[in-house]
**Q** 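Here it is, the structure, as structure tokens.
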Amino acid sequence: MKKILITGGSGLVGSRLTELLLASGKYEVMHFSRSGKEIAGATVYKWDVEAGQLEEEALQKADCIIHLAGTGIMEKAWIDSQKEKIMESRTLSTALLVEKLTVLDHQVKTYIGASAIGYYGIEESNKTTSKHEKDAAGSDFLAQVCVEWEKAHAEVPSTIRSAIIRVGIVLSDKGGALIEMAKPVKAWAGAALGDGNQVISWIHIDDLCRIFIKAIEDDKMNETYNAVAPNPVTNAELTRIIANTLDKPLFLPNVPEPAMYLLLGQQAEAVLRSIKASEDKIVKAGFEFDFVDAQKAVEDFYK
Ligand SMILES: NC(=O)c1ccc[n+]([C@@H]2O[C@H](COP(=O)([O-])OP(=O)(O)OC[C@H]3O[C@@H](n4cnc5c(N)ncnc54)[C@H](OP(=O)(O)O)[C@@H]3O)[C@@H](O)[C@H]2O)c1
């Protein structure tokens, strides 16, 4: 059985990925966690990124590392110290893994690093062209976080096959964007945000986990890949899809952009950003999506 070590395995993506890996019967799963939070079936090892410490046994046992850990971008207001935490939880954790992979005896053959389509930066709403993996990075805060995170991933020793997955907006009923968008809709207060035209390049959480599993298995995957479904929708469309699926009316006007900035400060960038990313490369690599239609993806959680 291949031994997969997931950092941040207790999170939204990591816990579902753990379930799917274990259900296949082909993998053993280990986690690096700060708190040691148990997820059924996984062996949890502690690490402390700030102190530069980790339980080395996990790295020595692992065949593959999937590095997901990082402070949640919507966790707290983006004051300077929080922005530093968002950045350093990713760059320093990666540097710690790289350092240990350089000095320890280990058998790691594959390293898969998470990034985000936020790499491409904030775009004007409803752009018709899609962002491909070779396109330039943006200059806003989240884009710079992705740039620095990817630079850190690139330091992984070259003897290890390495891939980077630029994750889109993950749809799940356990957390993330869908839950936050569904809350006001359920409370009869649903409304599109900003002009509502910002493009949401979404992905069903199970398809995302299947991309990570493909990256574990497919020796040809050694580059950077967008993980987004083929048919992105606008914020207004996704809000309408959620309302229809939940049988709730939408009668309120859009929440204007200035109100979003008043409410969230700079964090509003994360909600109002429009990014249309292309799925071409992961499809060419042989990945087949189960969910290509946002309506079907939302229904999968709520019907
Ligand atoms: N969900 C999305 O829509 C989305 C979109 C694009 C990119 N991504 C990226 O994909 C990754 C996984 O996403 P997710 O939604 O599963 O995130 P999540 O639910 O927030 O989980 C991330 C995990 O990282 C660990 N973590 C948090 N702060 C940390 C810190 N300061 N130092 C070290 N570890 C820390 C936590 O595990 P412990 O508490 O066990 O240590 C947490 O469970 C994240 O890096 C995220 O930025 C997610």
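Atoms within a ligand are numbered from 1 in the order they appear, just like the ligands themselves. Everything numeric in this text was worked out from a predicted model, so none of it was measured.
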**Q** N/O to N/O below 3.5 Å, does that happen between Ser89 and ligand 1?
**A**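 No; every N/O pair is 3.5 Å or more apart.
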**Q** I need the nearest protein heavy-atom contact for atom 5 (C) of ligand 1: residue, atom name and distance, please.
**A**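 Of the protein heavy atoms, Gly168 O, 3.1 Å lies nearest.
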**Q** Can you tell me if Ser15 has a non-hydrogen atom under 4.0 Å from ligand 1?
**A**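 It does not; every heavy atom stays at 4.0 Å or beyond.
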**Q** From the options Ala116, Gly14, Ser35, select the one whose nearest heavy atom is closest to atom 7 (C) of ligand 1.
**A**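 When every heavy atom of Ala116, Gly14, Ser35 is considered, Ala116 comes closest to atom 7 (C) of ligand 1.
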**Q** If you measure from the Lys or Arg side-chain nitrogens to the Asp or Glu carboxylate oxygens, is any gap between Glu133 and Arg166 under 4.0 Å?
**A**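 Salt bridge flag = no for Arg166 with Glu133.
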**Q** In the protein, what heavy atom is nearest to atom 23 (C) of ligand 1, and what distance, to one decimal place, separates them?
**A**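 Answer for atom 23 (C) of ligand 1: Gly8 CA, 3.6 Å.
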**Q** Honestly curious: do Tyr45 and Ile4 fall in one hydrophobic cluster under the side-chain, below-4.5 Å linking rule?
**A**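 Different clusters: Tyr45 never reaches Ile4 through Ile, Leu, Val, Met, Phe, Trp or Tyr contacts under 4.5 Å.
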**Q** Relative to the heavy atoms of Trp149, which atoms of ligand 1 are at a distance of less than 4.0 Å?
**A**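 In order of number, 45 (O).
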**Q** Describe, in one word, how the ring planes of Phe141 and Trp78 are oriented to each other, choosing from parallel (under 30°), tilted (30 to 60°) and perpendicular (over 60°).
**A**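 Perpendicular.
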**Q** Looking at every non-hydrogen atom in both residues, tell me the closest pair between Ile169 and Ala177 and how far apart they are.
**A**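 Scanning both residues completely, I find the closest heavy atoms to be CG2-CB, 3.5 Å.
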**Q** Any nitrogen or oxygen of Val49 lying under 3.5 Å from a nitrogen or oxygen in ligand 1? Just yes or no.
**A**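 Such a contact does not occur with ligand 1.
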**Q** Check for a donor-acceptor pair, side chain of Asn222 on one end and backbone N or O of Arg161 on the other, with a separation under 3.5 Å.
**A**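 Looks like no, no N/O pair under 3.5 Å.
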**Q** Numbering the atoms of ligand 1 from 1, which are under 4.0 Å from a heavy atom of Ser33?
**A**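 Within the 4.0 Å cut-off of Ser33, ligand 1 contributes 38 (P), 40 (O), 41 (O).
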**Q** Report the nearest protein non-hydrogen atom to atom 21 (O) of ligand 1: residue, atom name, distance rounded to 0.1 Å.
**A**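 It is Gly11 CA, 3.3 Å.
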**Q** Starting from atom 46 (C) of ligand 1, find the nearest protein heavy-atom neighbour and note its residue, name and distance.
**A**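 Ranked first by proximity to atom 46 (C) of ligand 1 is Arg90 NH2, 3.7 Å.
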**Q** For Gly118, is the nearest heavy atom under 4.0 Å from an atom of ligand 1?
**A**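 False for this residue.
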**Q** Geometry only, no angles: is Leu68 polar-contacting ligand 1 at N/O separations under 3.5 Å?
**A**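 Yes, at least one N or O pair falls under 3.5 Å.
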**Q** Take a 6.0 Å sphere around CD of Glu50 and say whether it holds more than 12 heavy atoms from other residues, nucleotides or ligands.
**A**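 At most 12 heavy atoms, drawn from other residues, nucleotides or ligands, come within 6.0 Å of this atom.
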**Q** Starting from atom 33 (C) of ligand 1, what is the nearest protein heavy atom, named by residue and atom, and what distance separates them?
**A**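 Checked against all protein heavy atoms, atom 33 (C) of ligand 1 sits closest to Arg34 CD, 3.6 Å.
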**Q** Measure up the His67 and His153 rings against each other and bin them: parallel (under 30°), tilted (30 to 60°), perpendicular (over 60°).
**A**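 Perpendicular, since the angle between the ring planes exceeds 60°.
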**Q** Nearest 0.5 angstrom please: Ile6 CD1 to Ser33 OG, how far?
**A**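 With rounding to 0.5 Å, CD1 (Ile6) is 12.0 Å from OG (Ser33).
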**Q** Tell me which protein heavy atom sits closest to atom 10 (O) of ligand 1, plus the residue, atom name and distance to 0.1 Å.
**A**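 The closest heavy atom on the protein side is Ala114 CB, 4.3 Å.
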**Q** For atom 37 (O) of ligand 1, which candidate among Gly70, Ser10, Ala227 provides the closest heavy atom?
**A**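 Closest candidate by heavy-atom distance is Ser10.
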**Q** Between the side chains of Glu28 and Lys61, is the shortest nitrogen-to-carboxylate-oxygen separation below 4.0 Å, so that they form an ion pair?
**A**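 No salt bridge links Lys61 with Glu28.
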**Q** Phe291 ring centre to Lys296 NZ or CZ under 6.0 Å, with the angle to the axis within 45°?
**A**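 Judged by the rule, Lys296 and Phe291 form no cation-pi pair.
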**Q** Would the distance check show the side chain of Arg240 and the main-chain N or O of Ala192 forming a donor-acceptor pair, the cut-off being under 3.5 Å?
**A**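 Between the backbone of Ala192 and the side chain of Arg240 there is no qualifying donor-acceptor contact (under 3.5 Å).
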**Q** Quick check: Val167 and ligand 1, any N/O pair under 3.5 Å apart?
**A**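 No, Val167 has no N/O under 3.5 Å of an N/O on ligand 1.
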**Q** Of all the non-hydrogen atoms in the protein, which one sits nearest to atom 15 (O) of ligand 1, and at what distance?
**A**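 Nearest neighbour among protein heavy atoms for atom 15 (O) of ligand 1, to 0.1 Å: Leu12 CB, 3.6 Å.
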**Q** To which protein heavy atom is atom 16 (O) of ligand 1 closest, and what is the distance rounded to 0.1 Å?
**A**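 That would be Val13 N, 2.8 Å.
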**Q** Within a distance under 4.0 Å of any heavy atom of Ala69, pick out the atoms of ligand 1 and give their elements.
**A**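 Heavy-atom distances to Ala69 below 4.0 Å select 24 (O), 34 (N).
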**Q** Which atoms of ligand 1 have any heavy atom of Ser115 under 4.0 Å away?
**A**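 Every atom of ligand 1 under 4.0 Å from some heavy atom of Ser115: 7 (C).
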**Q** Got Glu38 and Val44 here, is their nearest side-chain heavy-atom distance under 4.5 Å?
**A**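 When only atoms from C-beta onward are counted, Val44 and Glu38 do touch, with a gap below 4.5 Å.
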